[in-house]
Number of protein chains: 2
Amino acid sequence: MTAKNKPTQKLSASLEDYLEAIYNLQADGEQARSKDIAENLDVSRASVTGALRLLKQKQLVNYQPYDAVTLTNAGKDAAAEVARRHNVLKYFLIKILGVQPEAAQIAACKTEHTLGAETFAKLLAFTEFVREKQKQGQDLAGQFEKFCQKEKAKKNVDTKG
Amino acid sequence: MTAKNKPTQKLSASLEDYLEAIYNLQADGEQARSKDIAENLDVSRASVTGALRLLKQKQLVNYQPYDAVTLTNAGKDAAAEVARRHNVLKYFLIKILGVQPEAAQIAACKTEHTLGAETFAKLLAFTEFVREKQKQGQDLAGQFEKFCQKEKAKKNVDTKG
DNA sequence: GAATATAGTTAGCTGCGACTAACTTGTCAA
DNA sequence: TTGACAAGTTAGTCGCAGCTAACTATATTC
């Protein structure tokens, strides 16, 4: 039980993004260098330096100038939480709503910082619910996709006719 | 057909909020005074003045200092679109996911600016899909609620046992 | 080991969106 | 009609999150 009773200071969306990027780089077995983070988030290297200073202040990263960055335990917890929210969202958007993967990735990035804990919990539960239904032989995602196609066809008729 | 072929300049989340607040005040039959907008959004009156100047620049509001504010046609369209997104989200969160209304209101406010058009369309379609299922005799929202309760009960056992 | 390329930092700037404090305008009541 | 209070504006500040340009440190290569 590592992530419990954490004060878990509120982080800005932007700092959460930096944290997540470092987390992902490390998960890929790569060193998180300033340059990589910059490329990952499409920001300047200078912006990364600024963010690392803030994250160090908050004791979420181990950062010495000109040295490789690693996450502290608190940083790992915070980053894992962001990544978890990201994945919950992305799964829901792609697998249930049928949003295109690229669009879903972007939407998840932007939204992972804003939805509350309750909503994430419900979203997660809903995907489990759909999976459960699947096991029971009802393919809700598939039915929804068909429903969308029908609607689309209807619209085309409307516009043409 | 008023909202078609609009350049519909990209607005910041914050300006969209101002626009929506004015829209809602007017919809309630009230005059949108600076003070009301400030109270509505919980910001200072000075911030409202700043926002109104920007919105005027973009020709979305009719604004003269010391005078009541109204929306231009373009402003109405933009505000209606924001309100529509807000409602789509809120409906989905409350009626399908079963999120508490207050939490849903907050989540919708924060998220209405970030999700893309495709995602909103899918979300809307999904609520229609659920309604369709309802007509056909399958109450998905109700089934999901039961599912959540079962999960909750399970967790309680886990924690206690 | 010096020259150079790459990576990282610093300094200083911008725009946004909030704020406070102080001032101006509008309104209403005595 | 004037004085006081409410509403609105202005000026100036702050923090955040970017940026560029210029500098410094590290690594590589000859």
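Here is how names work: the chains are called A, B, and so on, in the same order as the sequence lines, proteins then strands, and each is numbered from 1. These numbers come from the heavy atoms of this one structure, side chains and all, not from hydrogens, waters or symmetry mates.
Smallest separation of non-hydrogen atoms from A/Val69 and A/Gln26: O-NE2, 3.3 Å. Of all non-hydrogen atoms in A/Glu20 and A/Ala83, the two that sit nearest each other are OE2-CA, 3.9 Å.
Rounded to whole angstrom, the span from the NZ atom of A/Lys10 across to the C1' atom of D/dC16 amounts to 17 Å. Rounded to an integer number of Å, the gap from CG of A/Leu11 to C1' of D/dG15 is 16 Å. A/Tyr66 has its OH atom 9 Å from the P atom of D/dT24, to the nearest Å. C/dG17 atom P lies 10 Å from atom CG of B/Asp17, rounded to whole Å. As a whole-Å value, the separation of B/Lys35 NZ from D/dA7 P is 4 Å. In this entry the distance linking CG of A/Asp36 with P of C/dT6 reads 15 Å, nearest Å. Atom CG in B/Asp67 sits roughly 10 Å away from atom P in D/dG8 (whole-Å rounding). The distance between atom CG of A/Leu15 and atom P of D/dG15, rounded to the nearest whole Å, is 15 Å.
For the pair A/Arg84 and A/Glu81, the salt-bridge criterion is met [side-chain N within less than 4.0 Å of a carboxylate O]. A salt bridge links B/Glu39 and B/Lys35; the closest N-O separation between the charged side-chain nitrogens and carboxylate oxygens is under 4.0 Å.
The side chain of B/Tyr18 places no N or O atom within less than 4.0 Å of a non-bridging phosphate oxygen (OP1 or OP2) of C/dC16. A close approach under 4.0 Å does not occur between any side-chain nitrogen or oxygen of B/Ser14 and OP1 or OP2 of C/dC16.
Side-chain contact of B/Thr114 with B/Thr111: a donor-acceptor pair under 3.5 Å is absent, judged by distance alone. Judged by distance alone, the side chains of B/Thr72 and B/Asn62 never bring a donor and an acceptor atom under 3.5 Å apart.
Closest to the A/Ser34 side chain, of the nucleotides C/dA7, D/dG8, C/dT9, is C/dT9.
For the segment residues 40-65 of chain A, residues with any heavy atom less than 4.0 angstrom from an atom of DNA chain C are, sorted by number, A/Arg45, A/Ala46, A/Thr49, A/Arg53, A/Tyr63, A/Pro65.
Of the inter-residue distances, the one linking B/Phe92 atom CZ with B/Thr127 atom OG1 reads 9.0 Å to the nearest 0.5 angstrom.
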